[in-house]
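What you are looking at is a predicted structure, and each value in this text was computed from that prediction instead of being measured. Worth knowing before you read on, the calculation uses all heavy atoms, side chains too, and leaves out hydrogens, waters and symmetry mates.
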Amino acid sequence: MRPACPRPAALAALACLALAPRPGRAQTNVEPLRTKLAAKPVAAQIEASLNGSVGNVEGVVAGGAAQVATASGPHFAFVYGRGDFARFNDRTTIARAFGHARYNYNLTPRLWYEAFAQVQSDLFQRLRVRNLWGTGPRYAIYEAETFHAFVGLAYMFEYEVIDRKDDSYDPEETSAHRLSTYLSLSYAHLKVMTAGITAYLQPRIDAPSDARSLIEAAASFAITPTLASKLSLTLRYDSDPPTGVRPYDAEVKNSLTLTF
């Protein structure tokens, strides 16, 4: 039986700088929000990208995301949502949505415990819905003014429903228990630029050879105190995707972010 494939890219949000999907989708950069939370109880960030063309090729590519975070004492929580859509020459090529909610409790200066929930859909991965619940610790290996390094380990329960091809043996509904481990490195230069990379390995607990991997990298460049330009790269690998779906994906994206 093909197990559910997680998209826990939102774990990167807790890596503290410039990182982000679920899957990812994408990369959730909560550091600007943490800075804002030092002066007020709630902060938010909006991200958007839009490209269009007419003539020999007619189409549009649009994406948007929003996140809201709040903090009080040792408590930190945020919600994140994203949608992406693309259509060229009367053919839809991207249609996906992602939502993630996470709670963080600070146990010691370097140790956090977190709980999270996630929902995702992706037309071209034939994914109707993927629900995910999980919990686990995050630890700061190294923290300095400009550089941070974190590791994390989480247990995840996944439930997935796919659009099954008539000629395949893929089950329409699956569930799986997985571990998600990650290493995150991030760097900040003054208030002008933040950059980082996070690598995940997510084996199935009862079948470790059935694993997913994810690498997310992002760089954000300040334009004004609230507006920034972001370049992100996402690489994914699934050892057991649905029939007809490739095991790997790569994506590069440019976007603008507004933090307030």
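- Leu127 and Leu123 fall into different hydrophobic clusters, where Ile, Leu, Val, Met, Phe, Trp and Tyr are joined by side-chain heavy atoms under 4.5 Å apart, directly or via other members.
- Following chains of ILVMFWY side-chain contacts shorter than 4.5 Å, one cannot reach Ile94 starting from Val119, and the two form parts of different hydrophobic clusters.
- Residues Phe147 and Leu185 meet the side-chain proximity criterion, which asks for heavy atoms closer than 4.5 Å.
- Ser49 and Ser255 are not linked by any side-chain donor-acceptor pair at a separation below 3.5 angstrom, with hydrogens and angles left out of the test.
- The OG atom of Ser213 sits 9.0 Å away from atom CG of Asp238, with the distance rounded to the nearest 0.5 Å.
- Met193 and Ile223 are assigned to two separate hydrophobic clusters, defined by single-linkage of ILVMFWY side chains at heavy-atom distances under 4.5 Å.
- Rounding to the nearest 0.5 Å places CD of Glu173 at 3.0 Å from OH of Tyr159.
- Scanning both residues, Ala228 and Ala222, for their nearest heavy atoms gives CB-CA, 4.1 Å.
- In this structure, Thr135 contributes its side chain and Glu114 its backbone to a donor-acceptor pair below 3.5 Å.
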Salt bridge (Lys or Arg N to Asp or Glu O under 4.0 Å) between Asp84 and Arg96, intermediate numbers included: CA-CA 5 Å; Asp84 294 282; Arg96 60 197 179 198; 3.4 Å; yes
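- A donor-acceptor contact under 3.5 angstrom links the side chains of Thr259 and Gln45, judged on distance only.
- Residues Tyr200 and Tyr182 place their aromatic rings such that the two centres sit under 6.0 Å apart.
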Check step by step if side chain to side chain contact (heavy atoms under 4.5 Å, CB included) holds for Tyr237 and Arg212. CA-CA 6 Å; Tyr237 177 78; Arg212 276 69 170 168; over 6 Å; no
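- Nearest heavy atom pair, residue Ile141 against residue Arg110, reads O-NH1, 3.2 Å.
- In this structure, the side-chain contact (heavy atoms from CB on, under 4.5 Å) partners of Asn51, at least two apart in sequence or on a different chain, are Val61.
- Considering only heavy atoms from C-beta on, Thr243 stays 4.5 Å or farther from Tyr169 through its side chain.
- Tyr155 meets the side-chain contact (heavy atoms from CB on, under 4.5 Å) test with Phe157, His177, Ile205; sequence neighbours excluded.
- When side chains are defined from C-beta on, Asn106 counts as touching Trp112, because their heavy atoms get closer than 4.5 Å.
- Nearest approach of Thr257 to Lys230, heavy atoms of both residues: CG2-CB, 4.5 Å.
- Between Pro203 and Leu201, some side-chain heavy-atom pair lies under the 4.5 Å cut-off.
- Residues Tyr139 and Tyr113 share a single hydrophobic cluster, defined by chaining ILVMFWY side chains whose heavy atoms lie under 4.5 Å apart.
- Using modelled atom types, one side-chain atom of Ser239 and one backbone atom of Ala211 make a donor-acceptor pair closer than 3.5 Å.
- Going from atom CD of Gln67 over to atom OH of Tyr80 covers 6.5 Å, rounded to the nearest 0.5 Å.
- Tyr187 and His189 have parallel rings, their planes meeting at less than 30° on a 0 to 90° scale where 60° marks the start of perpendicular.
- Put simply, the side chain of Asn104 does not reach to within 4.5 Å of the side chain of Phe78, judged on heavy atoms.
- Under the 4.5 Å side-chain heavy-atom criterion for grouping Ile, Leu, Val, Met, Phe, Trp and Tyr, Tyr103 is connected to Leu111 within one hydrophobic cluster.
- Closest non-hydrogen pair, Arg82 versus Ala65, comes out as NH1-CB, 3.2 Å.
- Among Gln125, Arg126, Arg128, the one residue that satisfies the side chain to side chain donor-acceptor pair (under 3.5 Å) test with Asp163 is Arg128.
- Distance alone, capped at 3.5 Å, is enough to place a donor-acceptor pair between the Thr224 side chain and the Leu227 backbone.
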With side chain to side chain contact (heavy atoms under 4.5 Å, CB included) as the criterion, how do Glu143 and Phe150 come out once you've worked through the C-alpha distance, each side chain's angles and the decisive distance to 0.1 Å? CA-CA 9 Å; Glu143 288 188 287; Phe150 297 90; 4.0 Å; yes
Step by step, work out the salt bridge (Lys or Arg N to Asp or Glu O under 4.0 Å) result for Glu160 and Arg178. CA-CA 13 Å; Glu160 179 180 270; Arg178 290 187 178 274; over 6 Å; no
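- Summarising the geometry of Thr93 relative to Phe88, their closest heavy-atom pair is OG1-CD1, 4.1 Å, with the distance given to 0.1 Å.
- With a 4.5 Å cut-off on side-chain heavy atoms, Asp249 and Thr234 do not count as touching.
- For the atom pair CG (Asp240) and OG (Ser209), the distance works out to 9.5 Å, reported to the nearest 0.5 Å.
- Here the CD-CG distance, from Glu47 to Leu258, works out to 11.5 Å after rounding to the nearest 0.5 Å.
- Ser229 has its side chain within reach of Leu256: a pair of non-hydrogen atoms, C-beta onward, lies under 4.5 Å apart.
- Distance CE/Met156 to CD/Gln202: 5.0 Å, rounded to 0.5 Å.
- Here the two rings, on His148 and Tyr142, have centers that are 6.0 Å apart or farther.
- Between the side chain of Thr70 and the backbone N or O of Pro41, at least one donor-acceptor pair lies under 3.5 Å.
- Side-chain contact between Leu235 and Tyr248 is absent, with no heavy-atom pair separated by less than 4.5 Å.
- Smallest separation of non-hydrogen atoms from Pro242 and Ile162: CB-CD1, 4.3 Å.
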